[in-house]
Amino acid sequence: MAPILVGTSFAPLITENLEEKEMKIIKDKEFLRSIVYQIDLLNTVGGGVSETYVDIRKKKRSSVISVWAAGVNPESFKVVLHQNQLTIFSVLQSQENPQMAVPLFNRIFMLPPQIDLSRIEAIYKNGELRIKLPYHDAALHPRLIDIKQL
């Protein structure tokens with residue numbers, strides 16, 4: 001049986017060994033890049049989401065949806081139009097496994113009938129995704145309908 005040391009603390013020795021190992025790990029920059037990416041991915045999987053801000057502005061000839069998402073690459077944005085439903089989302093792709101992806105955010109907009117669906121365009125500039133929704137010409141210029149009498 002090993003002798004029991006009374007009044008001796010091993011905490012300083014353990015702490016010193018951990019600090020030395022942590023310093024060696026931190027010096028490995030490739031490890032840091034990898035772990036930061038994994039933490040970001042796990043944060044998203046664990047319920048963390050990208051901070052997104054969406055602003056919708058109505059103008060004379062169109063409406064504009066502006067989306068700001070912190071830390072989201074322009075390649076991660078997707079804009080899908082199906083009938084009168086516009087879906088804007090972003091996906092975080094794993095660099096190690098391209099088949100693994102995690103959604104960062106998802107917004108769905110039901111477009112009104114005055115939007116000309118064939119002329120919608122999306123532009124990314126300086127961290128902002130801007131989707132221009134032009135109105136039909138008929139929506140801009142009302143016309144009087146003649147009433148026929150039978």
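Counting from 1, the numbers follow the sequence of the chain as shown.
Note that OG1 of T87 and NZ of K78 are 13.5 Å apart. Values are rounded to the nearest 0.5 Å. Annotation: the span from R107 atom CZ to L86 atom CG amounts to 11.5 Å, rounded to 0.5 Å. Rounding to the nearest 0.5 Å places NZ of K132 at 13.5 Å from CD1 of I65. Note: I131 CD1 to S66 OG = 8.0 Å, rounded to the nearest 0.5 Å. Expressed to the nearest 0.5 Å, how far CG of L117 lies from CG of L81 amounts to 5.5 Å. With rounding to the nearest 0.5 Å, the separation of CG in D116 from CD in Q114 is 11.5 Å.
Cluster annotation: V64 is not connected to Y135 through the hydrophobic network of ILVMFWY side chains, with a link wherever side-chain heavy atoms come within less than 4.5 Å. By the rule that hydrophobic residues join a cluster once side-chain heavy atoms approach within less than 4.5 Å of another member, I108 and L129 end up as members of separate clusters.
Between F105 and F77, the ring planes lie perpendicular to each other; the angle is over 60°, past the 30° to 60° tilted range.
Looking at N84, its side chain does come within 3.5 Å of a backbone N or O of L111 through a donor-acceptor pair. No donor-acceptor pair closer than 3.5 Å links the side chain of R130 to the backbone N or O of E121.
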**Study point:** Stepwise side-chain contact (heavy atoms from CB on, under 4.5 Å) test for V67 and Y53
**Key:** CA-CA 6 Å; V67 180; Y53 174 75; over 6 Å; no
Review point. Checking side-chain contact (heavy atoms from CB on, under 4.5 Å) for the pair V54/F109: CA distance, chi angles, key distance, verdict?
Key: CA-CA 11 Å; V54 177; F109 301 92; 3.8 Å; yes
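Of all heavy-atom pairs spanning P134 and S62, the tightest one is CA-CB, 3.6 Å.
Annotation: side chain of I145 is in contact with side chain of R143 (closest heavy-atom distance under 4.5 Å).
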